[in-house]
Amino acid sequence: MPIYSSDSDDAPSSPRKLFGKDKPLHSIFGGGRVADILLWKEKNLSAAILIGSTVIWSLFEVGEYNFITLLCYIFMTTMLILFIWSTGAGMIDWNPPEPMTIPESTFRWLFLEINRILYKFYHVSCGQDLKTFALTIAFLWILSGIGNYFTSLNLLYTGFVFLMTLPALYERYQDEVDYLASKGSRDIKKLYRKIDHRFLNKIPRGPVKEKKKF
């Protein structure tokens, strides 16, 4: 029984999806290898990345390694593994290691997302969406308060863990999350209408200049 089958009058018959009605989550993350990793389509690779990031975080936070020192150790270890692998490939009939490359689609998707975020930031900062502007200011204020109690490394690691787990969990429990998000969105809109009616509408505004028509 779906979670959104409620007797409440304000419960929507079909909750609005967080990322669009007909757009699958895989395509939202750009498709390809990156989306497969984030959605755990390649479980071994996703688990290896998450474990590797946890190990690196532990070395910095618990072992108190310096970044340059750790980076040199990683490169030295990787070079030794590749050297042993390449040397032993001809002796034990192994397949030689393949060159490590990052596909161009990954960088293309990354830059598109960065540009999209920057454009959205500019759009909101110019006051074209007061509700999103207020929510963004509140979120950044809360995040700045959280930053006083956690190091940048811990915040980055926590964000990375969320990125590696939340999309896959959302894909698995999409109906339940969409219902809760729709209900929360309606509650926030009601609260915003109350604030707008009591406070924002009373703020004096300058006259709006009409655009000249040529």
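None of the values given here were measured: they were computed from a predicted structure.
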In this structure, would [X] and [Y] fall into the same cluster of hydrophobic residues linked by side-chain contacts under 4.5 Å?
X: Leu39; Y: Leu163; result: yes
X: Leu82; Y: Ile84; result: no
X: Leu180; Y: Ile188; result: no
X: Phe162; Y: Ile117; result: no

| Should the heavy atoms of other residues, nucleotides or ligands under 6.0 Å from CZ of Phe160 be counted, would the total exceed 12? | yes
| With a cut-off of 6.0 Å (strictly less than), are more than 12 heavy atoms of other residues, nucleotides or ligands near CG of Asn66? | yes
| message | Going by the rule ring pair (Phe, Tyr, Trp, His ring centres under 6.0 Å), which residues pair with Phe60 if we only count those two or more places apart in sequence or in a different chain? | response | none
| field | ring pair (Phe, Tyr, Trp, His ring centres under 6.0 Å) partners for Trp40, two or more places apart | value | none
| note | Sorted by chain and number, sequence neighbours left out, salt bridge (charged side-chain N to carboxylate O under 4.0 Å, His left out) with Arg172 holds for none
Measuring from [X]:[atom1] to [Y]:[atom2], what's the distance to the nearest 0.5 Å?
X: Ile142; Y: Ile137; atom1: CD1; atom2: CD1; result: 11.5 Å
X: Leu45; Y: Asp36; atom1: CG; atom2: CG; result: 9.5 Å
X: Leu110; Y: Asn115; atom1: CG; atom2: CG; result: 9.5 Å
X: Arg116; Y: Tyr119; atom1: CZ; atom2: OH; result: 12.5 Å
X: Ser46; Y: Leu38; atom1: OG; atom2: CG; result: 7.5 Å
X: Tyr65; Y: Leu71; atom1: OH; atom2: CG; result: 13.5 Å

| field | Short N-O contact, Glu171 and Lys41, less than 4.0 angstrom | value | yes
| said: By the ring pair (Phe, Tyr, Trp, His ring centres under 6.0 Å) test, which pairs, at least two apart or in different chains, include something from residues 120-142? | reply: none
Please tabulate, one pair per line, all N/O donor-acceptor pairs under 3.5 Å involving side-chain atoms of residues 72-81, not counting sequence neighbours.
| from | atom 1 | to | atom 2 | distance (Å) |
| --- | --- | --- | --- | --- |
| Thr77 | OG1 | Tyr73 | O | 2.8 |
| Thr78 | OG1 | Ile74 | O | 2.8 |

Enumerate donor-acceptor pairs with a distance under 3.5 Å from any side-chain N or O in residues 51-58 to protein atoms, sequence neighbours excluded.
| from | atom 1 | to | atom 2 | distance (Å) |
| --- | --- | --- | --- | --- |
| Ser53 | OG | Ile49 | O | 3.2 |
| Ser53 | OG | Leu50 | O | 2.7 |
| Thr54 | OG1 | Leu50 | O | 2.8 |
| Thr54 | OG1 | Tyr157 | OH | 2.8 |
| Trp57 | NE1 | Asn154 | OD1 | 2.7 |
| Ser58 | OG | Thr54 | O | 2.8 |

| field | Phe83 vs Thr87 side-chain heavy atoms within contact, under 4.5 Å | value | yes
| task | Measure the shortest side-chain to side-chain distance between Ile37 and Met164 over non-hydrogen atoms and say whether it is less than 4.5 angstrom. | result | yes
